[in-house]
Engineer: 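Sending over a structure as structure tokens; questions will come in a sec.
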Amino acid sequence: MDSLEFKHYGNDIVAYNKSLFSEFQVDLFCPEFLSSNPSLHYERLLPSDIKGRQGLHLFTYHGQQLVLRHYYRGGAIAKFIRDSYLWCGLHRTRAIGELQTLCTLRQLDLPVPAPVAARVRKEGLTYRADIVTRLIPETQSLSFRLTENPLSADTWRRIGAVIRRFHDHNCNHADLNAHNVLLGEEETVYLVDFDRARVGKSARGAAQRNLSRLQRSLSKLKEREPSFHYSGQDFRSFLEGYGTD
Ligand SMILES: Nc1ncnc2c1ncn2[C@@H]1O[C@H](COP(=O)(O)OP(=O)(O)O)[C@@H](O)[C@H]1O
Ligand SMILES: [Mg+2]
């Protein structure tokens with residue numbers, strides 16, 4: 001079972017999953033360190049289907065492929081503040097929140113990346129943060145898949161059924177869009193990006209808002225690119241899989 005260990009290095013706080021690694025040094029959050037160590041097989045990943053994203057850092061540590069992601073501000077504020085957030089206590093930081101959410105979701109046996117580690121760098125009243133998860137290999141985002149080919153009705157139903165399982169556990173994904181649904185071999189469905197997600201607290205209307213957000217994201221991609229393989233019938237198949245009871 002995942003369990004987190006916390007370590008302090010000056011202004012840096014590192015939390016890591018001690019069921020996966022007996023130690024996780026603070027340097028592993030530093031892309032320059034990763035790229036200067038050939039044994040870590042560092043690779044910069046620029047997900048070509050995600051416009052405006054900063055990319056991810058992929059590396060191998062003790063035989064496991066890991067993904068490092070820095071937290072960047074989104075929305076209008078991003079023009080002024082790139083990556084710092086107001087400090088309201090360690091457990092309210094983006095990175096620790098997401099790491100803990102992933103631990104909870106894995107315990108519930110839901111298909112999410114394994115949580116590996118997080119670093120929070122405190123700078124006065126603000127902080128910057130990073131997270132490391134285990135790579136789910138051989139996956140493509142739903143958004144990318146639909147630029148290439150349509151999906152079968154069965155795959156749409158399968159995506160609906162998986163999202164329903166999250167909702168049955170009161171998991172409210174704060175940003176359920178077509179980039180955060182991944183499809184793996186044999187159309188296995190995973191969800192990623194649990195920044196600001198909540199689990200276990202029922203919030204009225206949250207599930208419906210999640211579904212509407214996903215539908216909007218798909219419609220927006222279709223508007224932008226008419227050859228995008230998505231139709232109203234696909235969403236009906238999705239809802240069939242999600243179920244109504
Ligand atoms: N652990 C992982 N395994 C496989 N792919 C991942 C993993 N983490 C992220 N990705 C890929 O990188 C993309 C960006 O990561 P995400 O966590 O959604 O961050 P953000 O949307 O904030 O940039 C995802 O849509 C997914 O395609
Ligand atoms: Mg995302």
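Atoms within a ligand are numbered from 1 in the order they appear, just like the ligands themselves. Residues: numbered from 1 along the sequence shown.
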Engineer: What salt bridge (Lys or Arg N to Asp or Glu O under 4.0 Å) pairs are there with at least one residue in residues 227-242, not counting sequence neighbours?
Structural biologist: Arg157-Glu240
Engineer: Nearest 10°: the angle subtended at the Mg ion (ligand 2) by Asn180 OD1 and Asp193 OD2?
Structural biologist: 100°
Engineer: N/O to N/O below 3.5 Å, does that happen between His179 and ligand 1?
Structural biologist: yes
Engineer: Just jot down the ligand 1 atoms closer than 4.0 angstrom to any heavy atom of Pro113, in number order.
Structural biologist: 1 (N)
Engineer: Check each heavy atom of Arg134 against ligand 1 and say whether those closer than 4.0 Å belong to the side chain, the backbone, both or neither.
Structural biologist: backbone
Engineer: I need the atoms of ligand 1 closer than 4.0 Å to a non-hydrogen atom of Leu135, numbered in the order shown.
Structural biologist: 1 (N), 3 (N), 4 (C)
Engineer: As a check for students: among Val192, Leu182, Asp175, identify the option with a heavy atom nearest to atom 5 (N) of ligand 1.
Structural biologist: Leu182
Engineer: Among side-chain atoms of His70 and Asp130, is any donor-acceptor pair under 3.5 angstrom?
Structural biologist: yes
Engineer: Does a donor on one side chain sit under 3.5 Å from an acceptor on the other, for Asn172 and Asn170?
Structural biologist: no
Engineer: Just let me know how Asp195 lines up against ligand 1, side chain, backbone, both or neither, with a heavy-atom cut-off below 4.0 Å.
Structural biologist: neither
Engineer: Hey, is Leu56 touching ligand 1 through its side chain, its backbone, both or neither, going by heavy atoms under 4.0 Å?
Structural biologist: side chain
Engineer: Below 4.0 angstrom, N of the basic side chain to O of the carboxylate: do Arg128 and Glu123 qualify?
Structural biologist: yes
Engineer: Under 4.0 Å, heavy-atom basis, I'd like to know which part of Asp193 is in contact with ligand 1: side chain, backbone, both or neither.
Structural biologist: both
Engineer: Could you name each residue pair satisfying side chain to side chain donor-acceptor pair (under 3.5 Å) that touches residues 95-106, not counting sequence neighbours?
Structural biologist: Asp2-Arg106, Arg69-Glu98, Tyr71-Glu98, His91-Gln100
Engineer: Using the side chain to side chain donor-acceptor pair (under 3.5 Å) definition, which of the options Asn177, Asn180, Asp175 pairs with Arg213?
Structural biologist: Asp175
Engineer: With distance as the sole criterion, is a donor-acceptor pair present between the side chains of Asp154 and Ser152 under 3.5 Å?
Structural biologist: no
